[in-house]
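What follows is one structure encoded as structure tokens, with my remarks underneath.
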Amino acid sequence: MLDTRYPIAMKITEICARDFNLAMTLNSGQVFHWEKAGRGFVGTIGDLPVYVEQNGTVLILGGAPWPAPETRALPRIVAHYFALDHRLAEICASFPDDPVMNAARLFCRGLRIIRQPRWECLATFICSSMKQVAHIRQISKALRERFGVALKIDLSKDHCSGADSCIVHTFPSAERLAKNSERELRKCAVGYRAAHLLATARLVDSGEVDLDEWQVLSDTDLRQQLCELPGVGAKIANCVMLFAYERLRAFPIDVWIERVLRQHYFPRARKLNTARLREFSESHFGEHGGYAQQYLFHHALSRARKSAVSRKQARKWQE
DNA sequence: GCCCAGGCCATTT
DNA sequence: AAATGGCATGGG
């Protein structure tokens, strides 16, 4: 039956996306809310519900109701979000030429650092400390479902199997989160991070902190401002700089990246403090160090996951 | 039960 | 300055 709310129920548009791997980008641990639906993914870009599917060098788009004004702008919004304008070949060519980096570059072909909304990125990464990627996805989902705005996506049967519609949720605004008690936030499995999330939400909501104003700051000043927020240290500040402020030099060092650096760049080096690692990462990986870092991170994590699966299968074999 | 996870923070040396 | 322990939660 025709949905009479809109003259045309669903408008599918296509855009060209060269040097881009959608699934790799969405699964690389930089963004946590996109979910598989049919042959593509559903999620939100800001307040817009979006369906996106990759077919070679073409992205098939849908999701937003037609003829909302945003829908006409959808191709531009999606292209900007996925940073299709980044000159990926040049960025990858700027990485250092060493065995580890070359393996990661080969493995992560088409991975782009996307442009995330600032508050959404900041809040999500405050929840990320001492959490596995799968858990961060759970937390993001819980926060959205409890406090976000539900939006319906009409899925064309031509492009999706199964259900013909689904619901996605926006990430809750700082204002929405600031209204809650810490106890309420803890229902989303954020644990001890609830206090930090709430305190930062209230700083942003009150206007004392304006994340958009900070875009004019230098890398050093931006990092310093971010680190003053509750629950934000050097690592999370660098993630937010990289994923929400397009500071492609920012090089977050988490436990995985630290392992990669120690094993492959400093074998047999004891007494290697974080300051020394930071110094090395900033000088060795160049002007797109953040990109290099994300390639190293995703490659290392994927290898670990793969070997975990192998161990599991080996155990099964033994029975 | 154990160990670990895209860390941060307060406290102690 | 540098090292240490606590912190919630869930998966392997």
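Here the structure is a predicted model, which means the values were calculated and not measured. Quick note on labels: first sequence line is chain A, next is B, and so on, each numbered from 1.
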Hey, which of A:Ile113, A:Leu248, A:Ile257, A:Thr25 is the one that makes side-chain contact (heavy atoms from CB on, under 4.5 Å) with A:Gln294? A:Ile113
According to the interplanar angle, ranging from 0 to 90°, do the rings of A:His298 and A:Phe107 count as parallel (below 30°), tilted (30 to 60°) or perpendicular (above 60°)? tilted
Expressed as a whole number of angstroms, how long is the span from [X]:[atom1] to [N]:[atom2]?
{"X": "A:Glu182", "N": "C:dT9", "atom1": "CD", "atom2": "P", "answer": "11 Å"}
{"X": "A:Glu258", "N": "B:dC4", "atom1": "CD", "atom2": "P", "answer": "14 Å"}
{"X": "A:Gln138", "N": "C:dG12", "atom1": "CD", "atom2": "C1'", "answer": "14 Å"}
{"X": "A:Arg276", "N": "C:dA2", "atom1": "CZ", "atom2": "C1'", "answer": "17 Å"}
{"X": "A:Ile139", "N": "C:dT9", "atom1": "CD1", "atom2": "C1'", "answer": "8 Å"}
{"X": "A:Glu184", "N": "C:dA8", "atom1": "CD", "atom2": "P", "answer": "17 Å"}
{"X": "A:Asn273", "N": "C:dT4", "atom1": "CG", "atom2": "C1'", "answer": "16 Å"}
{"X": "A:Lys271", "N": "C:dA1", "atom1": "NZ", "atom2": "C1'", "answer": "11 Å"}

When you compare [N] with [M], how far apart are their [atom1] atoms, in angstrom units rounded to a whole number?
{"N": "C:dG5", "M": "B:dC4", "atom1": "P", "answer": "15 Å"}
{"N": "C:dG11", "M": "B:dC8", "atom1": "P", "answer": "24 Å"}
{"N": "C:dA2", "M": "B:dG6", "atom1": "P", "answer": "27 Å"}

Mind checking A:Arg259 for me? I need base, sugar-phosphate or nothing, with any heavy atom below 4.0 Å counting as a touch. sugar-phosphate
Give one of base, sugar-phosphate or nothing for A:Arg193, where a contact means two heavy atoms less than 4.0 Å apart. base
Range-with-range stems for DNA chain C, at least three Watson-Crick or G-U pairs under 3.5 Å: B:2-5 with C:9-12, B:7-13 with C:1-7
Minimum side-chain heavy-atom gap A:Leu26-A:Phe82 below 4.5 Å: yes
Side chain to side chain, A:Ser281 and A:Ile253, heavy atoms closer than 4.5 Å: yes
List the protein contact pattern of nucleotides 6-13 of chain B with one symbol per nucleotide (5' to 3'): B for base contact, S for sugar-phosphate-only contact, - for none; contact means a heavy-atom distance under 4.0 Å. BBSS----
If I take atom NZ from residue A:Lys187 and atom CG from residue A:Asn180, how far apart are they, to the nearest 0.5 angstrom? 9.5 Å
The reported gap from CZ in A:Phe297 to OG in A:Ser28 (rounded to nearest 0.5 angstrom) is 8.0 Å
With a 4.0 Å cut-off on N to O distance, would you call A:Arg115 and A:Asp85 a salt bridge? yes
salt_bridge(A:Glu184, A:Lys179) N-O dist < 4.0 Å: no
Under the ring pair (Phe, Tyr, Trp, His ring centres under 6.0 Å) definition, can you give me all pairs with a residue in residues 213-252 of chain A, not counting sequence neighbours? A:Phe125-A:Phe243, A:Phe251-A:Phe285
